[in-house]
Q: 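Take this structure, written in structure tokens, and hold onto it; I'll ask about it next.
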Amino acid sequence: MAFSAGVVLWGLSAQAQPQAPLRLPVQCQLSGGPWQQCTMTIQRAGEHWWLQVGAQQLEFRSDGRGQISLREPSGLTRVVYPRWAEQQALCWDGICAKGEFPLD
């Protein structure tokens, strides 16, 4: 099942997780800048995924209780909060992605 606006990546069944990482072509926007092609890689659905935007890798992890952390290319790790944006994109504190995302 897919939804073109995005996906909420937490709360997915551990039994439905793929063996190999799932790589998806999506569009990303960083800090309100222009939309650009990027790749979302899902290592463990609902637990660990990242966006590759040019040379930058933005790594996300969920603790399974609704808290999502982002590790930035600088090595800084911080908590981020997901929200749906008007552009039918899923955003985490200024980092947005849109495209075909699996729902489960």
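Reckoned from all heavy atoms, side chains included, excluding hydrogens, waters and symmetry mates.
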Q: Going hydrophobic residue to hydrophobic residue with side-chain gaps under 4.5 angstrom, can you get from Ile95 over to Val53?
A: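 Shared cluster, yes.
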
Q: Answer whether the closest heavy-atom distance between the side chains of Ile68 and Pro82 falls below 4.5 Å.
A: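 The answer is yes; the side chains approach within 4.5 Å.
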
Q: Just by distance, do the side chain of Ser31 and the backbone of Gly33 share a donor-acceptor pair under 3.5 Å?
A: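 No, because the side chain of Ser31 does not come within donor-acceptor range (under 3.5 Å) of the backbone of Gly33.
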
Q: As an exercise, state the distance from SG of Cys91 to CZ of Arg83, rounded to the nearest 0.5 Å.
A: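 Taking SG in Cys91 and CZ in Arg83, the distance rounds to 4.5 Å.
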
Q: State, yes or no, whether a side-chain contact exists between Gln87 and Trp35 at a heavy-atom distance under 4.5 Å.
A: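 Yes, their side chains come closer than 4.5 Å.
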
Q: I need the minimum non-hydrogen distance between Gln57 and Gln52, along with the two atoms involved.
A: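 Reported closest heavy-atom pair: OE1-OE1, 3.3 Å.
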
Q: Do Phe60 and Val80 have side-chain heavy atoms sitting under 4.5 Å apart?
A: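 Contact flag for Phe60/Val80 side chains = yes.
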
Q: If every non-hydrogen atom of Leu58 is compared with every non-hydrogen atom of Leu30, which pair is closest and at what distance?
A: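 Minimum heavy-atom contact is CD1-CD2, 3.7 Å.
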
Q: If you take all heavy atoms of Lys98 and Val26, which pair is closest and at what distance?
A: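 What the structure gives for the nearest pair is O-CB, 3.3 Å.
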
Q: Under a 4.5 Å cut-off applied to non-hydrogen side-chain atoms, are Leu90 and Trp84 in contact?
A: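 With C-beta onward as the side chain, the pair touches.
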
Q: Contact between Thr41 and Leu24 at the side-chain level, heavy atoms closer than 4.5 Å - yes or no?
A: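 They are not in contact (no side-chain heavy atoms under 4.5 Å apart), so the answer is no.
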
Q: Taking Cys96 and Cys28, which are both Cys, do their SG atoms fall under 2.5 Å of each other?
A: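 Not so, these two cysteines form no disulfide.
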
Q: Tell me, please, which residues at least two apart from Glu59 pass side chain to side chain donor-acceptor pair (under 3.5 Å).
A: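 Testing Glu59 for side chain to side chain donor-acceptor pair (under 3.5 Å), a comparison that skips the adjacent residues, returns His48, Arg61.
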
Q: With heavy-atom distances below 4.5 Å as the criterion, would you say the side chains of Trp49 and Pro21 are in contact?
A: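 Counting from C-beta outward, Trp49 and Pro21 never come under 4.5 Å.
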
Q: List in chain and number order the residues that pass side chain to side chain donor-acceptor pair (under 3.5 Å) with Glu72, two or more places apart in sequence or in another chain; answer none if no residue qualifies.
A: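 Listed in chain order: Arg78.
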
Q: Please examine the side chains of Thr77 and Leu70, heavy atoms only from C-beta on, and report whether any two atoms are closer than 4.5 Å.
A: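 Contact flag for Leu70/Thr77 side chains = no.
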
Q: Without swapping roles, check the side chain of Gln36 against the backbone of Cys38 for a donor-acceptor pair under 3.5 Å.
A: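 No, because the side chain of Gln36 does not come within donor-acceptor range (under 3.5 Å) of the backbone of Cys38.
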
